[in-house]
Amino acid sequence: MIVDGLLQFIAACAGTIGFSILFSVPREHCPLCGFIGGMGWLICWSLIHGFHMGTIEANFLATVFITLSSRIGSTVRKCPVTLFLIAGIFPEVPGIGVYRTIYYSILENHDLSLSYGRETLGIAIAMVLGIILVFEIPQKTIHKIAGLGKR
């Protein structure tokens with residue numbers, strides 16, 4: 001399980017860094033983008049496989065981590081949060097769910113299509129709610145978490 005987790009983390013980091021390059025993130029920020037995306041995916045993966053949590057709940061918690069890390073990273077690095085958030089959320093996007101929904105819809109297997117569609121929509125809503133939740137945290141609190149607050 002540890003080896004699988006490490007491989008999942010490395011693959012998610014590589015994918016996130018690749019997406020960061022395509023998204024034109026400055027090179028000095030790519031490693032942090034990769035780390036945020038890799039850790040977010042590792043959290044989601046380990047909650048699903050290690051703690052047997054549902055995919056929607058695991059994606060919500062991973063999205064909360066990714067968004068919080070992105071806000072802290074953008075505060076420390078003094079750059080827009082979208083650099084880290086969009087790249088870091090990349091491994092969480094339920095693309096395979098959308099594919100399976102359409103695939104089974106074309107095959108007229110409406111039960112599987114509806115099942116994958118509900119799960120994909122649930123993941124997407126959970127991701128949006130996770131982002132909204134973290135963006136409701138005041139910037140002063142983020143500064144304190146990042147260690148940049150007044151002392």
Spacing of [atom1] belonging to [X] relative to [atom2] belonging to [Y], to within rounding of 0.5 Å:
| X | Y | atom1 | atom2 | value |
| --- | --- | --- | --- | --- |
| Ile131 | Leu68 | CD1 | CG | 12.5 Å |
| Ile10 | Leu42 | CD1 | CG | 10.5 Å |
| Met127 | Thr67 | CE | OG1 | 8.5 Å |
| Gln139 | Ser74 | CD | OG | 6.5 Å |
| Glu119 | Thr55 | CD | OG1 | 3.5 Å |
| Phe90 | Cys33 | CZ | SG | 12.5 Å |

Main chain of [Y], side chain of [X]: is a donor-acceptor contact present, judged purely on distance under 3.5 Å?
| X | Y | answer |
| --- | --- | --- |
| Ser69 | Ile66 | no |
| Arg71 | Ile142 | no |
| Arg100 | Leu112 | no |
| His29 | Val25 | no |
| Ser113 | Thr101 | yes |

Common cluster, [X]/[Y], ILVMFWY with side-chain heavy-atom separation under 4.5 Å:
| X | Y | value |
| --- | --- | --- |
| Ile36 | Ile145 | yes |
| Ile17 | Ile89 | no |
| Leu107 | Tyr99 | yes |
| Ile56 | Ile43 | yes |
| Leu85 | Ile137 | yes |

For the residue pair Ala12 and Gly38, what are the closest heavy atoms and their distance?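 Between these two residues, the closest heavy atoms are CB-CA, 3.7 Å.
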Ignoring hydrogens, what is the shortest heavy-atom contact between Leu133 and Phe60? Give both atom names and the distance. CD2-CZ, 4.0 Å
Fit a plane to each ring of Phe19 and Phe23, take the angle between them on a 0 to 90° scale, and name the class: parallel (under 30°), tilted (30 to 60°) or perpendicular (over 60°).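 It falls in the parallel class, under 30°.
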In terms of the angle between their ring planes, are Phe35 and Phe9 parallel, tilted or perpendicular, with boundaries placed at 30° and 60°?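 Phe35 vs Phe9 ring planes: perpendicular.
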Is it the case that more than 12 heavy atoms not belonging to Phe135 sit under 6.0 Å from its CZ atom?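 It does: Phe135 CZ has more than 12 such atoms within range.
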Take a 6.0 Å sphere around CD of Glu108 and say whether it holds more than 12 heavy atoms from other residues, nucleotides or ligands. no
Side-chain heavy-atom pair [X], [Y] within 4.5 angstrom cut-off:
| X | Y | result |
| --- | --- | --- |
| Leu47 | Glu57 | no |
| Leu61 | Met53 | yes |
| His110 | Tyr104 | no |
| Ser70 | Val134 | no |

Check step by step if side chain to side chain donor-acceptor pair (under 3.5 Å) holds for Trp41 and Gln8. CA-CA 8 Å; Trp41 177 251; Gln8 293 283 330; 2.7 Å; yes
Are Glu92 and Thr63 close enough, and set up right, to give a side chain to side chain donor-acceptor pair (under 3.5 Å), and what steps lead you there? CA-CA 8 Å; Glu92 301 296 316; Thr63 300; 5.0 Å; no
From the options Cys30, Pro91, Pro31, select the one residue that forms a side-chain contact (heavy atoms from CB on, under 4.5 Å) with Thr16. Pro91
